[in-house]
Amino acid sequence: MSSPVWGQLKLDPQHRLPLYKQISQQTEQMVHEGKLKPGVRLPSERKMAEILQVSRMTITLAYEDMKARGILRSQQGSGTFIMRGPRIERSEQAVTWHTQFAYETGNINYAMEEVMRFGRDPKLIPLAGVGTAPEVHPGIELSQFFAEHLRRNPILLQLPTPTQGYEPLRHDLLGWLEESGIHAAPEETMIVSGAMQGLDLISRLFLGPGDYVIMEDPGLPAASDAFTASGAKILRITLDQQGIRTESLENLLMQFPVKFIYVNPTFHNPTGITMSLERREHLLSLAKKYRVPIVEDDPTSLLFYGSKPTIPLKAMDRDDLVIYLRTFSKYVFPGLRVAVLVAPEAIVTNLLKVKQRIDLHSNNLSQIAVHAFLMEGRLERHLERLRSAYASRIALLREVIGAHPDISCHFPEGGVFLWCKLPSHIRAERLLQIAIRKGVAFVPGNWLSGVGLGDHYFRLAFTHPSLDLLKEGLKQIDQAIAEHDSYQC
């Protein structure tokens, strides 16, 4: 196949999709369009790298990705070939399903999918996604409490869970929230299947095509996905060491009819920054002045390693402007999809109507399990163990990273992430390609930015690996940097 065909691949280094993914997806598209037939031999990795003017490693990753999805096959000594062509439809004309879709999927960020894929790969040291430290994982303890709870109350397995959530859990959560200064009435709370369901419900209730949302940048890709899927437009504001830049926020509030402001003010994902008390007060005053709600996502504020952080915005809210989300995922384990949403009664009432349409009977068992774990202070004892385990990891990271002149990190007072900076000549996404080959994964900063920032940053999740694996992972990142630099020589 002549190089002009491959020249049709249009690569954008600034796109959030890695170059190897762009090559893989565009090649598959040419297969389905019939431009590449089954049996066509691809250029060698070296030749293709020359044609597309990318590194050979990028081509290696692209070819491996296509082999995994059944697009290519390799034959020892013969080369790499297109394995399949366009699907043969049963009807003369295939239904173009995507033209019938109303829910926006085209712009959804692929980063979350990649992070979860890294977490499923047993060959990779997991520094990309969050998991519970193995020495304090509560799986056995939680299952024992759960089994005993059901043994004493077997009728629970037969009862449907109200849309608003398992009543005993909601009741006990009121006291748990009060420990953080959040005083809520029962009708102001609801249980959701993880914070992401909460964000999805909020988006469905508040947002329509063309509406505006403000969020921090960098920030959580899954949140922006939920907003854009409703057709909303996202206005992004960067942070400094005090949190979201509220002077920039007011400029946007004056110019745009914003539906709500989404923030993660305590141990922010990915930077680890905690919004100062002064900024929190200013944010609340701006929300009141412009009558704009705040959605406060608070997944890790109980994982502090020194003094307690500033109280949540919701605890400071005197004007019913804050919708608050707290998940159990970061405290127990990610697969436990239970979170509490706190909001004014009028908002909860309408969120329940939305939730009832898509989740009439929530997962009863997971809510009962959380309630069993919450009883008698068991969750608080578990949190103390987590804080100790993660403080040990932070201490190790300070020691090891301090010996790595090419990496500088912001060390937060809590949370589950480090935000690390690389030298200006190293793009984190390029470094990731090398690191994966060495058995370690992290999240490049540009995956977490909606405006292409963060090329020279990466997010490091430090909670899941053991101390030994954490040290080994950093060693491999250091070796990946050395290998990267050797390519530049």
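Position 1 is the first residue of the sequence; numbering continues from there. These numbers come from the heavy atoms of this one structure, side chains and all, not from hydrogens, waters or symmetry mates. Remember, predicted model here, so these are calculated numbers, not experimental data.
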Kindly indicate whether a cation-pi arrangement holds for Arg459 with Trp447, taking the cut-offs as under 6.0 Å to the six-membered ring centre and within 45° of the axis. no
I'd like to know if Glu135 pairs up with Arg385 as an ion pair, taking the criterion as any Lys NZ or Arg NE/NH1/NH2 lying under 4.0 Å from an Asp or Glu carboxylate oxygen. no
Evaluate the criterion salt bridge (charged side-chain N to carboxylate O under 4.0 Å, His left out) for residue pair Arg381 and Glu384; output intermediate values, then yes/no. CA-CA 5 Å; Arg381 290 196 291 273; Glu384 290 173 1; over 6 Å; no
For Gly219 versus Pro270, what's the shortest heavy-atom pair and its separation? N-CD, 4.1 Å
Could you please spell out the steps behind the salt bridge (charged side-chain N to carboxylate O under 4.0 Å, His left out) verdict for Arg387 and Glu413? CA-CA 11 Å; Arg387 293 178 192 125; Glu413 295 300 316; over 6 Å; no
Mind running salt bridge (charged side-chain N to carboxylate O under 4.0 Å, His left out) on Glu179 and Arg326 for me, showing each step along the way? CA-CA 13 Å; Glu179 294 174 7; Arg326 179 188 285 181; over 6 Å; no
Check: Arg427 side chain, Ser424 main-chain N or O, donor-acceptor pair, under 3.5 Å: no
Taking atom types as modelled and ignoring hydrogens, do the side chains of Ser285 and His282 form a donor-acceptor contact shorter than 3.5 angstrom? no
Main chain of Thr163, side chain of Lys355: is a donor-acceptor contact present, judged purely on distance under 3.5 Å? yes
Just to verify, what does Thr274 make a side chain to side chain contact (heavy atoms under 4.5 Å, CB included) with, not counting sequence neighbours? Thr266, Phe267, Arg280
Set out, in order, the CA-CA distance, both residues' side-chain angles and the distance that settles side-chain contact (heavy atoms from CB on, under 4.5 Å) for Phe458 and Leu432, then state yes or no. CA-CA 9 Å; Phe458 67 93; Leu432 174 64; over 6 Å; no
Does the side chain of Tyr262 pick up a donor-acceptor pair with the side chain of Glu216 at under 3.5 Å? no
So which atom in Lys314 and which in Ala343 form the shortest heavy-atom distance, rounded to 0.1 Å? NZ-CA, 4.3 Å
What heavy-atom pair brings Leu469 and Ile125 nearest, and what distance separates the two atoms? O-CG2, 3.6 Å
Taking Thr228 for its side chain and Ser224 for its backbone only, find out whether a donor-acceptor pair lies under 3.5 Å. yes
Where does the angle between the aromatic ring planes of Phe256 and Tyr212 fall among parallel (under 30°), tilted (30 to 60°) and perpendicular (over 60°)? tilted
Arg398 to Phe411, cation-pi by 6.0 Å centre distance and 45° axis angle: yes
For residues Ser366 and Arg337, is any side-chain donor paired with an opposing acceptor at under 3.5 Å? no
Note: Ile407 and Ile401 closest approach over all heavy atoms is O-CG2, 3.8 Å
Could you give the side-chain donor-acceptor pairs of residues 187-194 under 3.5 Å, partners two or more places apart or in another chain?
{"residue": "Glu188", "atom": "OE1", "partner": "Ala185", "partner atom": "N", "Å": "2.9"}
{"residue": "Thr189", "atom": "OG1", "partner": "Pro186", "partner atom": "O", "Å": "3.1"}

Of the non-hydrogen atoms in His382 and Val136, which two are nearest, and what is the gap between them? CE1-O, 3.3 Å
Ion pair present between Arg279 and Asp240, side-chain N to carboxylate O less than 4.0 angstrom? yes
Pair Asp317-Ile182, side-chain contact (heavy atoms from CB on, under 4.5 Å): steps then yes or no: CA-CA 9 Å; Asp317 179 24; Ile182 298 173; over 6 Å; no
Going through the checks in order, is the salt bridge (charged side-chain N to carboxylate O under 4.0 Å, His left out) test met by Asp319 and Lys289? CA-CA 11 Å; Asp319 300 288; Lys289 178 179 178 180; over 6 Å; no
Classify the side-chain pair Asp12/Gln22 by whether it contains a donor and acceptor separated by less than 3.5 Å. no
Can you find a side-chain donor-acceptor pair between Gln433 and Glu429 that sits under 3.5 Å? no
Donor on one side chain, acceptor on other, Asn251 and Ser248, under 3.5 Å: no
Starting from the C-alpha separation in whole Å, work towards a yes-or-no answer on ring pair (Phe, Tyr, Trp, His ring centres under 6.0 Å) for His371 and Tyr166. CA-CA 9 Å; His371 181 243; Tyr166 179 53; 5.7 Å; yes
Heavy-atom count check: over 12 atoms from other residues, nucleotides or ligands less than 6.0 Å from Glu380 CD? yes
Does a sphere of radius 6.0 Å around CD in Gln255 hold more than 12 heavy atoms from other residues, nucleotides or ligands, not counting ones at 6.0 Å or beyond? yes
Check: Ser449 side chain, Gly445 main-chain N or O, donor-acceptor pair, under 3.5 Å: no
Stepwise side-chain hydrogen bond (donor to acceptor under 3.5 Å, both in side chains) check, Arg245 with Thr238: CA-CA 7 Å; Arg245 299 175 185 271; Thr238 57; 3.1 Å; yes
Nearest atoms (heavy-atom pairs only) where Phe442 meets Ala435: CE2-CB, 3.8 Å
Using modelled atom types only, decide if a donor and an acceptor are shared between the side chain of His464 and the backbone of Gly129 within a distance under 3.5 Å. no
How about Phe462 and Phe417: are their ring centres within less than 6.0 Å of each other? no
